[in-house]
Amino acid sequence: MAPYKYRGALNIGFQLSITVGILIANVLNYFFAKIKGGWGWRLSLGGAMVPALIITVGSLVLPDTPNSMIERGQTEEARAKLKKIRGVDDVDEEFKDLVAASDASKLVQHPWTNLLQRKYRPHLTMAILIPFFQQLTGINVIMFYAPVLFNTIGFGDDASLMSAVITGIVNVGATLVSIYGVDKWGRRFLFLEGGVQMLICQAVVAACIGAKFGVSGNPGDLPKWYAITVVLFICIYVAGFAWSWGPLGWLVPSEIFPLEIRSAAQSVNVSVNMIFTFAVAQVFLSMLCHLKFGLFLFFAFFVVVMSIFVYYFLPETKGIPIEEMNQVWRSHWYWSRFVEEADYPNGGMEMSKGNHGPKNV
């Protein structure tokens, strides 16, 4: 539904909602932990029914998209909806593009099988590797276990929970930066800048914890300035993730899949994300016990790998309509060998000058 010029910023609203939810949960946990009698955890756990209830009620009033209406044969309703969304009466060109894309997708009988075709190799690769790398940045180690992690390196219980609140605030603020910059600076710039920032911070945190803890795991007396340094670099790390791999890990897959494989490819993307979210959450505590400060070096290694991957294999998608995204793959130095002109016989495109995206020819 989003105009392609603002698609990035509007899509990241999804990630912003997640970060706000994390912050609210951290703040509530901080105050629930102060309840005498030790039963505040019940409120933390039971409170999850509130957003679940909001989602349930919201689903009853959520409007359909023009794409969805066209897919179900409601063309006139779709045209009216598109006019309402765009705020103009002249939507004929965009509407024709949507109908053409829908007609093409209806010719596809087996999207899961088609996803394995050679011409969809770049899409499948991104659907798997982007969520895989997103989880191996180590962010969920910080967001899931921030109180445990801070407590382990010498913080008291209250200080650990407050540090989690601080990282939550940083998370929200950095996501707002991404909303501002994603359609100005581009996806690749944010991916690469965030990767360098996370790498530096993970190296510094590993060095700080390693110097103080060693391999024994006993820090002794932890100076206040030392603890503040660790929290500071963890916050910078969270900021780097929150304006790069956090939102873009969802944005880029959502805008590169053509309609005929979009449902299958998005399913793969979300499944890989959830599988590795689960896996990292399950093994983190054991890894922390065995690797200690080396855990941050473990994730730093993957940050290097994913940054190299983005630099060489992920094309820029800023300002390009989803219906015309195939041109990006056909002009890429590597993926062009998989996506050929014959795969899209209904006409080509040329890139317009400046940053206004492609135009039909």
Side-chain angles (χ1 to χ4, degrees), residues 22 26 129 131-157 159-171 173-174 190-246 248-249 276-311:
I22 292 172
N26 285 334
L129 289 185
F132 170 76
F133 284 140
Q134 185 190 48
Q135 295 310 310
L136 287 177
T137 58
I139 186 62
N140 281 339
V141 168
I142 303 299
M143 304 316 295
F144 287 177
Y145 294 106
V148 175
L149 183 63
F150 290 130
N151 189 266
T152 300
I153 62 177
F155 285 41
D157 290 338
S160 297
L161 289 170
M162 180 52 69
S163 298
V165 171
I166 293 172
T167 58
I169 294 173
V170 171
N171 202 10
L190 289 176
F191 265 131
L192 295 172
E193 191 284 331
V196 171
Q197 185 170 326
M198 288 189 291
L199 176 62
I200 293 172
C201 291
Q202 285 170 327
V204 171
V205 170
C208 289
I209 295 179
K212 193 64 180 176
F213 284 72
V215 294
S216 67
N218 182 14
D221 293 328
L222 193 68
K224 185 176 182 180
W225 68 268
Y226 207 93
I228 290 174
T229 300
V230 172
V231 172
L232 174 64
F233 276 94
I234 286 179
C235 286
I236 297 174
Y237 160 82
V238 170
F241 174 86
W243 61 50
S244 63
W245 279 91
L248 299 183
F276 281 94
T277 297
F278 173 80
V280 170
Q282 296 306 307
V283 303
F284 163 68
L285 291 179
S286 295
M287 291 179 69
L288 180 63
C289 291
H290 290 87
L291 298 179
K292 299 180 174 63
F293 66 89
L295 177 63
F296 291 91
L297 298 179
F298 171 83
F299 289 120
F301 167 77
F302 280 101
V303 170
V304 172
V305 173
M306 66 184 70
S307 297
I308 293 173
F309 172 79
V310 167
Y311 183 82

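Everything numeric here is computed off the predicted structure, so don't read it as measured data. For reference, positions follow the sequence shown, starting with 1.
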Just wondering, are more than 12 heavy atoms of other shown residues or ligands nearer than 6.0 Å to CZ in F299?
yes

Nearest heavy-atom neighbours spanning A164 and N26
O-ND2, 3.2 Å

Before we go on, tell me: are the rings of Y237 and F241 under 6.0 Å apart, centre to centre?
no

Separation between CD (Q135) and CH2 (W245), nearest 0.5 Å, reads 11.0 Å

Heavy atoms only: give me the nearest T137-Q202 pair and the separation to one decimal.
O-NE2, 2.9 Å

So, taking the atom named CZ in F284 and the one named SG in C289, what distance separates them when rounded to the nearest 0.5 Å?
8.5 Å

Show me the donor-acceptor pairs within less than 3.5 Å that the side chains of residues 191-201 make with the rest of the protein, sequence neighbours left out.
{"from": "E193", "atom 1": "OE1", "to": "W243", "atom 2": "NE1", "distance (Å)": "2.8"}
{"from": "Q197", "atom 1": "NE2", "to": "I236", "atom 2": "O", "distance (Å)": "2.8"}

Can you find a heavy atom in the side chain of V305 that is under 4.5 Å from one in the side chain of F133?
yes

For the residue pair A242 and N171, what are the closest heavy atoms and their distance?
CB-OD1, 3.1 Å

Which heavy atom of I166 sits nearest a heavy atom of C235, and at what distance?
CG2-SG, 3.8 Å

